[in-house]
Number of protein chains: 2
Amino acid sequence: MEFTNEELINFLKKNDIRPSNIRLKVLKYLLENRIHPSAEDIYNGVIDEIPTLSRTSVYNTINLFKEKGIVSELYLDDKEVRYDINTKLHGHFKCEECGRVYDFPVTSILHSGLEGFVIKKKEINYYGVCINCQ
Amino acid sequence: MEFTNEELINFLKKNDIRPSNIRLKVLKYLLENRIHPSAEDIYNGVIDEIPTLSRTSVYNTINLFKEKGIVSELYLDDKEVRYDINTKLHGHFKCEECGRVYDFPVTSILHSGLEGFVIKKKEINYYGVCINCQ
DNA sequence: TAATAAAATTGTAATCATTACAATTTTGTA
DNA sequence: TACAAAATTGTAATGATTACAATTTTATTA
Ligand SMILES: [Mn+2]
Ligand SMILES: [Mn+2]
Ligand SMILES: [Zn+2]
Ligand SMILES: [Zn+2]
């Protein structure tokens with residue numbers, strides 16, 4: 001999927017984020033590479049277009065996106081945090097063979113014992129072997 | 001809940017783990033402190049009974065327990081991994097106020113899009129505010 | 001029981017993702 | 001153009017976990 005600069009700018013503005021060059025490139029990378037990348041992945045994906053880019057700026061940008069609610073974090077059994085531009089509820093499947101992280105729809109979860117608790121976020125993470133690795 | 005030394009020894013033997021002093025004390029701590037402790041928590045909980053204990057031994061022990069399948073890991077939005085002696089499928093609720101991690105039963109999850117995938121492990125993590133922190 | 005091998009434990013150093021922070025550069029505005 | 005605010009950078013610090021070699025404990029054999 002391709003995004004125009006205007007679309008990217010509007011996306012950021014709508015979410016109360018000033019559109020700097022780095023922010024636009026990171027956003028573009030996240031929108032066009034739905035692989036749940038780590039900070040390092042993002043850095044490597046953007047460094048060619050912004051040769052002066054620092055890792056710190058990637059972290060700054062991601063943390064800003066997080067605060068503004070346009071990315072969510074994935075805590076899987078890696079040591080790196082992964083990021084997802086899709087903040088709607090959905091499940092994640094991590095393949096133990098190839099390392100890929102897949103999205104899948106979650107229709108409903110039946111739970112009990114949380115009466116009186118305020119639930120703000122749900123994570124559903126599966127692990128196993130993906131269809132390409134059988 | 002209290003566990004006798006014999007129960008602890010049998011628990012380890014049944015899972016193909018040689019019962020050393022450290023392993024017994026770590027197991028006892030995990031069984032009697034259902035707080036999803038970090039490695040540091042375990043270290044602090046056992047150091048009084050084994051003053052020569054090293055952090056490395058705690059990690060060694062936990063990693064052995066993990067390999068043998070008697071503990072599971074919890075990847076929440078902390079920077080530390082937490083451990084759970086209960087390896088049966090259940091959900092976890094992390095309170096953003098007090099930091100406590102609660103267990104809750106999960107009856108069913110309806111998902112799609114994973115035809116042909118082998119699912120080996122499921123994690124269900126919720127975040128929010130617990131009933132004691134309202 | 002003493003000798004030996006195997007297993008467990010320890011302490012220290014290394015790793016590595018992320019953050020802290022101060023300096024520099026860029027941007028927006030008067 | 002001049003100034004202030006915001007963004008970006010580079011380096012150092014942090015902290016959880018692992019690597020590894022040395023030491024201690026336990027089990028096995030003669
Ligand atoms: Mn996703
Ligand atoms: Mn639990
Ligand atoms: Zn795979
Ligand atoms: Zn609470």
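First the proteins, then the strands, lettered A, B, ... as listed; each starts at 1.
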* Can you check ring-ring contact (aromatic ring centres under 6.0 Å, His included) on A:Tyr102 and B:Phe117, steps first, answer last? -> CA-CA 11 Å; A:Tyr102 297 83; B:Phe117 286 58; 5.0 Å; yes

* B:Gln134 atom CD, over 12 foreign heavy atoms within 6.0 Å ->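 Result for CD/B:Gln134: enclosed.
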
* Does A:Lys66 NZ have over 12 foreign heavy atoms under 6.0 Å away? ->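 Count over threshold, so yes.
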
Using the side-chain heavy atoms of [X], tell me which of these nucleotides is nearest: [options].
X: B:Ser57; options: D:dA16, C:dT9, C:dA7; value: C:dT9
X: A:Tyr59; options: C:dT10, D:dT8, C:dT19; value: C:dT19
X: B:Thr56; options: C:dG11, D:dA16, D:dA7; value: C:dG11

* **Exam field: side chain A:His90 to backbone A:Asp103, donor-acceptor pair closer than 3.5 Å** => no

* Asked: Quick check: does any side chain N or O of A:Arg82 sit under 3.5 Å from a backbone N or O of A:Leu74, one acting as donor and the other as acceptor?
  ->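 Checking the backbone N and O of A:Leu74 against the side chain of A:Arg82, no donor-acceptor pair under 3.5 Å is found.
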
* To do: Tell me which residues in residues 28-40 of chain A put a heavy atom below 4.0 Å from DNA chain D, sorted by number, or none.
  => none

Just how far, in rounded Å, is [atom2] of [N] from [atom1] of [X]?
X: B:Phe65; N: C:dA8; atom1: CZ; atom2: C1'; value: 13 Å
X: B:Tyr43; N: D:dG15; atom1: OH; atom2: P; value: 17 Å
X: A:Asn21; N: C:dT25; atom1: CG; atom2: C1'; value: 14 Å
X: B:Lys79; N: D:dA16; atom1: NZ; atom2: C1'; value: 8 Å
X: A:Asn44; N: C:dA17; atom1: CG; atom2: C1'; value: 14 Å
X: A:Ile22; N: C:dT25; atom1: CD1; atom2: P; value: 15 Å
X: A:Leu24; N: D:dA7; atom1: CG; atom2: C1'; value: 13 Å
X: B:Arg18; N: C:dA5; atom1: CZ; atom2: P; value: 17 Å

* With a 4.0 Å cut-off, would you call B:Asp78 and B:Lys94 a salt bridge? -> yes

* Starting from the C-alpha separation in whole Å, work towards a yes-or-no answer on side-chain contact (heavy atoms from CB on, under 4.5 Å) for A:Ile119 and A:His111. => CA-CA 12 Å; A:Ile119 300 166; A:His111 59 249; 4.1 Å; yes

* At under 4.0 Å between heavy atoms, what does A:Asn60 touch on the DNA or RNA strands: base, sugar-phosphate, or nothing? ->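 Here A:Asn60 touches the bases of the nucleic acid.
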
* Touch class at under 4.0 angstrom, heavy-atom based, for B:Arg55 against every strand present ->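 Counting heavy atoms under 4.0 Å across all strands, no contact is made by B:Arg55.
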
* To do: Report whether B:Ile35 and B:Ile47 are members of the same hydrophobic cluster (ILVMFWY, side-chain heavy atoms less than 4.5 Å apart, transitive linking).
  =>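 Yes, it is one cluster - the side chains of B:Ile35 and B:Ile47 are joined through contacts under 4.5 Å.
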
* To do: Compare side-chain N and O positions of A:Thr52 against OP1 and OP2 of D:dT9 and report whether any pair is under 4.0 Å apart.
  =>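 Checking A:Thr52 against D:dT9: at least one side-chain N or O falls below 4.0 Å of OP1 or OP2.
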
* Asked: Phosphate oxygens OP1/OP2 of C:dT26: is one of them under 4.0 Å from a side-chain N or O of A:Ser20?
  ->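 Looking at the OP1 and OP2 atoms of C:dT26, neither is under 4.0 Å from any side-chain N or O of A:Ser20.
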
* Asked: With distance as the sole criterion, is a donor-acceptor pair present between the side chains of A:Asp41 and A:Ser38 under 3.5 Å?
  -> yes

* To do: Please round to 10 degrees the angle between the axis of the first five pairs and the axis of the last five pairs in the helix from C:dT1-D:dA30 to C:dA30-D:dT1.
  => 10°

* To do: Evaluate the ring planes of B:Tyr126 and B:Phe104, with Trp represented by its six-membered ring, and classify them as parallel (under 30°), tilted (30 to 60°) or perpendicular (over 60°).
  => tilted

* Quick one: on DNA chain D, does A:Thr61 or B:Tyr83 contact a more 5' nucleotide (nearest heavy atom)? ->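 Its nearest nucleotide being more 5', the pick is A:Thr61.
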
